[in-house]
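Notes to accompany the following structure.
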Number of protein chains: 2
Amino acid sequence: MSRFWSDVNKRLSPYTPGEQPRNKKYIKLNTNENPYPPSPGVIAAIEKNLNGSLRLYPDPSCEELRTAIAEYYNLKKEQVYAGNGSDELLAFAFLAFFNPGGPRILFPDITYSFYKVYAALLKIDYELVLLDDDFSIHPEMFFKNNGGVIIANPNAPTGKFLPLESVADILEHNSSKVVIIDEAYIDFGGDSAVGLIEKYPNLLVIQTFSKSRALAGLRVGFALGREELIEGLDRIKNSVNSYTLDRLSLAGAIAAIEDDAYFQYVRRKITASRERVSGELREIGFKVIPSMANFIFITHPFIPAAELFLKLKGKGILVRYFKEPGIDNYLRVSIGTDEEMDLFTGALKEIPGI
Amino acid sequence: MSRFWSDVNKRLSPYTPGEQPRNKKYIKLNTNENPYPPSPGVIAAIEKNLNGSLRLYPDPSCEELRTAIAEYYNLKKEQVYAGNGSDELLAFAFLAFFNPGGPRILFPDITYSFYKVYAALLKIDYELVLLDDDFSIHPEMFFKNNGGVIIANPNAPTGKFLPLESVADILEHNSSKVVIIDEAYIDFGGDSAVGLIEKYPNLLVIQTFSKSRALAGLRVGFALGREELIEGLDRIKNSVNSYTLDRLSLAGAIAAIEDDAYFQYVRRKITASRERVSGELREIGFKVIPSMANFIFITHPFIPAAELFLKLKGKGILVRYFKEPGIDNYLRVSIGTDEEMDLFTGALKEIPGI
């Protein structure tokens with residue numbers, strides 16, 4: 001604490017990102033990274049952009065990337081916003097569409113923990129919507145007066161997918177408020193809400209290149225929605241930092257979106273690994289929440305998750321443990337390569353009691 | 001305007017970045033980019049980091065880059081913050097240290113136009129401190145009750161440098177408030193306030209790799225100050241976006257700071273060009289504000305700046321014109337290569353009346 005900090009800064013509880021080990025070599029199943037490299041086209045595109053242009057500012061409106069994303073999703077360029085990872089987009093969206101002092105915004109009580117952090121930073125009041133014991137979202141719980149809605153779909157850290165009819169129901173019952181569907185993990189089996197944009201002007205879909213397109217290291221996210229929502233995000237960006245995406249990230253992201261064959265190959269591979277590992281874990285006694293993401297959320301009937309976390313770490317395997325009410329007996333495990341997942345299940349089987 | 005925008009969004013007047021022409025080829029003297037490429041070491045470092053790691057998140061705490069910057073400025077790593085360009089850092093600093101509803105913050109009435117935008121976004125009240133007719137800052141105008149101070153030094157778009165004794169005076173008279181010295185253009189002849197950090201816990205110095213290190217396309221800025229101020233910035237970052245710098249920007253920036261010989265060579269070259277062109281412009285009748293930046297601020301006694309701006313654009317030369325009270329008869333001209341500057345002065349001489 002410092003006397004120089006602003007009042008809001010003094011009260012913040014910032015987000016804690018998953019551990020990025022620098023010295024020891026771990027099997028890293030803790031931050032939902034893609035175990036496969038990005039499309040070879042990405043590297044080639046960046047190399048091509050390396051010489052001659054780095055001294056110049058990038059295009060602040062990201063026209064080319066937005067055009068490429070728009071074409072992929074059959075939208076107009078004006079319906080696409082591109083930014084520095086989906087976290088930055090989420091922060092901008094809170095600023096753009098939610099009001100401090102207004103009615104409370106709604107989000108599930110178990111979800112991406114950054115939502116609470118944005119709300120605290122921007123003094124936006126929120127109400128946590130309870131999930132049921134299986135971590136399912138009940139749409140009707142969102143049919144009440146509010147200042148906006150945000151739902152991760154699939155949800156994190158549970159991996160549970162909310163069917164599109166339920167998403168449409170929530171949009172329908174909140175037509176005067178912005179409903180953000182955070183689809184960071186949508187490419188691993190879920191159906192995107194992007195097709196609902198035409199019908200619902202209050203829908204903002206947020207996605208990222210960090211997971212399914214294997215570019216966590218480049219920091220690129222995007223938002224899809226009606227022109228007026230995209231313009232609203234753009235106004236915030238141009239009040240914070242006009243150039244959030246650098247030249248190399250722009251070039252790499254364009255190449256990634258253009259290589260659809262590779263994208264389909266990788267996401268199918270990860271989905272297949274997830275299903276296989278989920279089955280194996282159930283066989284050795286774990287409860288595995290059915291996942292539509294590139295991670296699984298698991299619990300063991302006898303051995304506490306905190307203990308499993310430490311034992312796995314001791315064996316060189318990093319997974320994510322959240323010491324939070326309702327989920328503190330679960331582990332979130334990213335889907336790695338098949339080899340990594342075999343080492344993971346192998347390590348579990350060595351633990352007495354499993 | 002959209003019914004979905006938040007109240008603050010409806011009232012914003014976002015920043016307008018300088019034109020980035022996409023189709024026509026201009027001599028680009030409008031956004032203060034460096035006319036020379038970055039250090040060759042930058043390209044090599046990025047190439048080295050291209051393979052294998054892009055799928056992984058970058059280090060959110062930017063340890064290596066902060067260590068390299070700290071060594072360069074003889075500080076501790078904990079006294080360095082690294083972020084996505086100095087614009088983002090400025091926005092974070094406003095959030096970290098200035099209070100909405102508190103006493104008004106102070107900055108010069110003619111300065112970087114983004115300061116007003118941050119203040120509007122964050123509802124921070126401000127008072128504009130008048131400059132004299134020669135655009136000089138009078139330190140005693142900052143000796144009054146306030147909520148914080150921000151000064152660009154050298155100032156933009158004037159290029160005028162405020163001597164370090166005056167900076168120290170302002171720090172001394174505002175010991176309970178954060179004083180931000182925005183040194184985006186410090187490497188072209190001015191003395192950095194970095195040496196004052198030891199004496200003044202209220203000093204935050206902000207710099208960028210975009211100008212003197214020729215990396216506008218990579219988006220890297222940094223802040224220097226006491227540990228408690230850096231921690232304050234870090235808390236804001238971790239409440240907005242934990243990973244603002246991607247892997248390639250980190251690698252490139254480290255290489256740039258390590259190549260001091262190249263840095264010294266480039267900044268001296270630009271400074272020499274600036275002095276030569278300033279002299280030539282004075283010879284043909286222009287008033288040139290003495291500049292310590294990589295741009296000059298010029299006015300002609302008879303021909304309006306708006307007219308000169310359009311005529312130069314017609315001749316394929318882009319400079320920056322601000323249609324704002326007090327400076328609407330001036331042009332801001334970035335220092336390009338000697339060849340570009342000769343084309344610029346040559347084009348001016350063709351204009352009737354010069």
Side-chain angles (χ1 to χ4, degrees), chain A residues 2 4-7 9 12 14-15 17 20 22 31 33-34 36-38 42-43 46-47 50-60 84-85 87-88 91 95-99 117-118 121 178 202 214-219 228-229 232 235-236 238-244 246-249, chain B residues 2 4-7 9 12 14-15 17 20 22 31 33-34 36-38 42-43 46-47 50-60 84-85 87-88 91 95-99 117-118 121 178 202 214-219 228-229 232 235-236 238-244 246-249:
Chain A
S2 157
F4 292 120
W5 294 359
S6 64
D7 297 338
N9 204 354
L12 285 179
Y15 179 75
Q20 296 290 339
R22 265 187 299 273
T31 50
E33 286 143 335
N34 198 311
Y36 305 106
V42 170
I43 314 297
I46 293 173
E47 271 174 346
L50 256 181
N51 285 296
S53 65
L54 286 186
R55 67 176 188 87
L56 297 173
Y57 282 96
D59 170 17
N84 188 278
D87 283 347
E88 185 191 75
L95 253 168
F97 308 119
F98 299 157
N99 280 310
V117 178
Y118 300 131
L121 178 71
V178 174
N202 56 328
L215 286 175
L218 266 201
R219 319 305 310 121
E228 59 186 316
L229 298 188
R235 289 168 63 84
I236 298 295
N238 282 321
S239 300
V240 173
N241 180 11
S242 303
Y243 307 93
T244 59
D246 65 67
R247 286 179 168 265
L248 305 181
S249 298
Chain B
S2 156
F4 292 120
W5 294 359
S6 64
D7 297 337
N9 204 354
L12 284 179
Y15 179 75
Q20 295 290 340
R22 265 187 300 272
T31 50
E33 286 143 336
N34 198 311
Y36 305 106
V42 170
I43 315 297
I46 293 173
E47 270 173 347
L50 256 180
N51 285 295
S53 64
L54 287 186
R55 69 177 186 86
L56 297 173
Y57 281 96
D59 170 17
N84 188 279
D87 283 346
E88 185 191 74
L95 253 167
F97 308 119
F98 300 156
N99 279 312
V117 178
Y118 301 131
L121 178 71
V178 173
N202 56 327
L215 286 175
L218 265 200
R219 320 302 313 122
E228 58 185 316
L229 298 189
R235 289 168 63 84
I236 298 295
N238 282 321
S239 300
V240 173
N241 180 12
S242 302
Y243 308 92
T244 60
D246 65 67
R247 286 181 166 264
L248 305 181
S249 297

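All chains are named by letter (A, B, ...) in the order of the sequence lines, taking the proteins before the strands, and each is independently numbered beginning at 1. Bear in mind that the values here come from a model prediction, so they are computed numbers and not experimental data. Side chains included, hydrogens not; waters and symmetry mates left out as well; all remaining heavy atoms used.
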Self-check item: Top contributor to chain A contacts, counting heavy-atom pairs under 4.5 Å, from V42(B), L95(B), L229(B)
Solution: L95(B)

Exercise. Pick whichever of R235(B), R247(B), E88(B) has the most heavy-atom pairs under 4.5 Å with chain A.
Key: R235(B)

Would you mind checking which part of [X] comes under 4.5 Å of any heavy atom in chain A, side chain (CB onward), backbone (N, CA, C, O), both or neither?
| X | result |
| --- | --- |
| S249(B) | side chain |
| F98(B) | backbone |
| P37(B) | backbone |

Quiz item: E228(A) and W5(B): which non-hydrogen atoms are nearest, and at how many Å?
Solution: O-NE1, 2.8 Å

Practice problem: Taking the side chain as every heavy atom from C-beta outward, state whether V240(A) and V240(B) have any pair of such atoms under 4.5 Å apart. | Solution: no

Practice problem: Would you check if L54(A) and I43(B) make a side-chain contact, meaning some heavy-atom pair closer than 4.5 Å? | Solution: yes

Quiz item: Quick one: CG on N202(B) to CZ on F97(B), what's the gap to the nearest 0.5 Å?
Solution: 11.0 Å

Practice problem: Can you measure from CG (L56(A)) to CD (E33(B)) and round to the nearest 0.5 angstrom? | Solution: 4.5 Å

Only pairs of heavy atoms separated by less than 4.5 Å count here; which of [options] has the most with chain B?
| options | answer |
| --- | --- |
| A216(A), P38(A), P17(A), A91(A) | A216(A) |
| L218(A), T244(A), L215(A) | L218(A) |
| P60(A), A96(A), S242(A), G85(A) | A96(A) |
| D87(A), L248(A), V117(A), N99(A) | N99(A) |

Quiz prompt | Derivation and outcome, side-chain contact (heavy atoms from CB on, under 4.5 Å), residues N84(A) and D246(A) | solution = CA-CA 9 Å; N84(A) 188 278; D246(A) 65 67; over 6 Å; no

Quiz item: So, N34(A) versus R55(B): side-chain donor-acceptor pair below 3.5 Å or not?
Solution: no

